[in-house]
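First up is the structure itself, then whatever we jot down about it.
In each ligand, atom 1 is the first atom listed, and ligand 1 is the first ligand listed.
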Amino acid sequence: MSDPALLILYGSQTGTAQDTAQRIARQAKRRKLQVRTMPLDCYNVATLISESTVIFVCATTGQGDPPDNMRIFWRFIFKKSLPAGSLCQLDCAVLGLGDSSYPKFNFVAKKLQKRLVQLGASMLLPIGLADDQHELGSDAVIDPWLAAFWQKFYTLHPSLKLILLFVLVNQFLLSSANPAEQTLPSSSSLLAKLLSNIRVTDVSHFQDVRLFQFDITGSNIEYTAGDVVMMRPCNAVDDVQQFCQLLRLDPESRFTLRPTDSTPGTLPTRLLHPCTVRHLVETYLDIAAVPRRSFFELLLTFATNELEREKLLEFSSAAGQDDLHAYCNRPRRTALEVLADFPHTTAEIKVDYLLDLFPEIQPRSFSIASSLKALPNRLQILVAVVSYKTKLYKPRKGLCSNWLASLDPNKEDIYVPLWVKKGTLKFPRDEDTPVIMVGPGTGVAPFRSAIQERTADGITGNVLFFGCRSQSKDFFFRAEWEKKIKARQLTLLTAFSRDQEDKVYVQHRISENAELLMDLITNKNAFFYIAGNAKEMPSGVRDALKGVFQQQGTVSAEDAEKMVNAMEQSGRLQSETWS
Ligand code: 2AM
């Protein structure tokens with residue numbers, strides 16, 4: 001190896017892999033290495049054969065699929081026509097970011113590593129498998145893995161001297177601008193008018209769940225049941241104001257963006273040009289998320305106050321990670337709250353570094369809860385407004401659900417940028433195939449879409465297991481279901497968990513209706529669906545389904561498990577779960 005240039009390619013869904021890749025790039029730049037960082041799909045894969053050292057940082061999505069920004073690469077790299085030794089000049093390292101509470105933990109990184117080896121690439125070190133579930137967060141794996149990587153890198157390039165000087169690397173320069181400049185091309189998403197924002201749980205109920213309706217007239221959006229809609233929340237007005245005060249920024253001042261290095265694909269295109277500080281903070285900077293360790297490392301470079309500097313130094317060091325976790329991750333402290341805890345340092349932050357300090361607000365996905373066949377030109381979503389307590393005084397609030405809940409279409413016209421993506425749930429098209437759907441709570445959303453779509457097509461084989469706490473408080477869409485039941489288009493089985501002494505869950509109803517389910521699945525080839533956000537619900541439902549097979553088919557537990565797995569493999573058992 002003669003060329004010490006480093007290429008970092010990432011596949012990122014929620015921004016964590018991107019953040020990690022950029023952190024590695026900063027470390028590389030501090031070492032005065034030539035480094036390029038980009039999403040896998042922005043990279044011309046055909047040139048991989050001429051690279052020397054590549055780090056792949058890849059997330060795995062909940063269902064074991066690659067992130068959206070590495071799908072083209074994924075298809076290419078698995079082409080059968082690629083010759084076995086085609087990457088034999090390549091030294092690489094694979095870092096996977098995953099969550100061990102999902103069955104396909106770090107599946108993408110593992111599969112990628114296997115494929116790279118098959119194509120002849122040499123691995124510089126064993127694969128790193130970071131886990132969100134680790135009590136110290138994914139850095140517990142990433143930090144030692146990176147240390148091992150640099151050690152290996154320096155043994156391969158002994159001529160390189162380690163440069164310990166910390167050089168702050170900023171990707172973007174913000175400079176004041178005159179307002180006459182043009183707007184950058186906006187993204188291709190639709191600005192959909194919000195028509196209604198209605199609470200669907202009783203006011204006395206602990207949880208605020210909303211049904212939002214958007215007008216998509218004039219767009220070419222054509223969604224079907226199972227699809228999801230993506231939207232990006234904005235920061236709360238009060239948070240934006242506090243942020244500007246802490247950083248001593250005038251929210252109305254304007255700037256333009258210029259890249260400071262030649263890495264393609266990193267300049268944000270969806271910001272106005274020129275842009276006000278308010279617009280940047282409100283729509284782009286993720287100040288409401290729990291900050292990552294790299295945030296503290298960068299913050300440290302602005303510290304002049306001795307006390308704050310000491311604390312930031314500790315949080316940036318390997319030895320301080322337990323304390324950082326206790327301060328930040330466990331109570332889910334937001335970046336804005338951290339800034340307020342370090343006021344002297346925050347006041348020193350240079351505006352040029354905002355885009356290095358804060359990741360971009362990531363889009364959130366929601367299962368679409370309506371069907372175009374029942375509601376032409378409309379799109380509805382069912383959203384639980386997230387708020388929970390930690391040991392911090394203020395309750396924690398989900399950014400997107402609270403932002404949506406704050407929008408009042410009766411007061412002013414509100415337009416929300418959104419776009420639609422194919423979801424993981426696919427429903428059979430032929431009218432003879434019944435569907436069994438298990439969707440407690442907001443998990444019912446994709447099934448409402450499917451039921452609306454199927455009944456509009458005259459399909460009547462629809463069985464829904466719905467669970468909520470109380471018949472009178474959070475039984476969403478009750479009147480709609482009653483109409484469908486009357487019209488013999490729907491069989492509804494409900495589990496109201498708290499209307500009686502003992503908990504009743506959807507799985508209990510599944511066991512009670514074993515005969516019906518067995519008949520639908522074995523004689524009528526029914527499809528079976530699970531959706532929802534309770535952590536243990538999906539496995540509870542699978543177990544209940546196994547119980548149905550054991551009891552009705554008089555098979556062993558092992559065979560029942562095989563039957564469930566076979567259904568899943570053939571696409572007749574599908575699930576979409578979220579936490
Ligand atoms: P609970 O809150 O009374 O425990 C929607 O959230 C419904 O899902 C509620 O009735 C909730 O009941 C229920 N639920 C909670 N955990 C569950 C689990 N493991 N399996 C099935 N349903 C569950």
query = In terms of residue, atom name and distance, what is the protein heavy atom nearest to atom 4 (O) of ligand 1?
reply = Tyr505 OH, 2.5 Å
ask   = Heavy atom of Cys468 under 4.0 Å from ligand 1?
value = yes
key: Part of Glu536 within contact of ligand 1 (heavy atoms, under 4.0 Å)   = both
ask   = Would you say Arg332 has more than 12 foreign heavy atoms packed within less than 6.0 Å of its CZ?
value = no
query = Among protein heavy atoms, which lies nearest atom 19 (N) of ligand 1, and at what distance?
reply = Met537 N, 3.5 Å
query = Where is the nearest protein heavy atom to atom 10 (O) of ligand 1: which residue, which atom, and how far?
reply = Ser497 OG, 2.7 Å
note = Judged by heavy atoms only, the candidate from Ser470, Gly532, Gly467, Ala495 nearest atom 7 (C) of ligand 1 is Gly467
inquiry  = Under a 3.5 Å threshold, yes or no: a donor from one side chain and an acceptor from the other, between Ser100 and Asp131?
reply    = yes
request  = Take atom CD of Gln133 as the centre, draw a 6.0 Å sphere, and report whether it contains more than 12 heavy atoms from other residues, nucleotides or ligands.
outcome  = yes
note = Taking only non-hydrogen atoms of Gly441 and a 4.0 Å limit, the atoms of ligand 1 in range are 5 (C)
key: Closest approach of any protein heavy atom to atom 21 (C) of ligand 1, naming residue and atom   = Gln507 OE1, 3.1 Å
ask   = Going by the order shown, which atoms of ligand 1 are within less than 4.0 Å of some heavy atom of Arg498?
value = 1 (P), 2 (O), 3 (O), 4 (O)
task = Count the heavy atoms belonging to other residues, nucleotides or ligands that lie under 6.0 Å from NZ of Lys422, then report whether that count exceeds 12.
result = yes
task = Is it possible for you to check whether Arg396 lies under 6.0 Å from the centre of the six-membered ring of Tyr388, through NZ or CZ, and within 45° of that ring's axis?
result = no
query = With a distance cut-off below 6.0 Å to the six-membered ring centre and an angular limit of 45° from the axis, does Lys111 pair with Phe78 as a cation-pi contact?
reply = yes
ask   = Does Lys546 pair with Glu561 as a salt bridge, N-O distance under 4.0 Å?
value = yes
request  = Identify the protein heavy atom lying closest to atom 2 (O) of ligand 1, giving its residue, its atom name and the separation to 0.1 Å.
outcome  = Arg469 NE, 3.0 Å
request  = Using a 4.5 Å cut-off on heavy atoms from C-beta on, say whether the side chain of Asp239 contacts that of Ile287.
outcome  = yes
Closest protein heavy atom (residue, atom, distance) for atom 8 (O) of ligand 1 = Pro440 CB, 3.8 Å
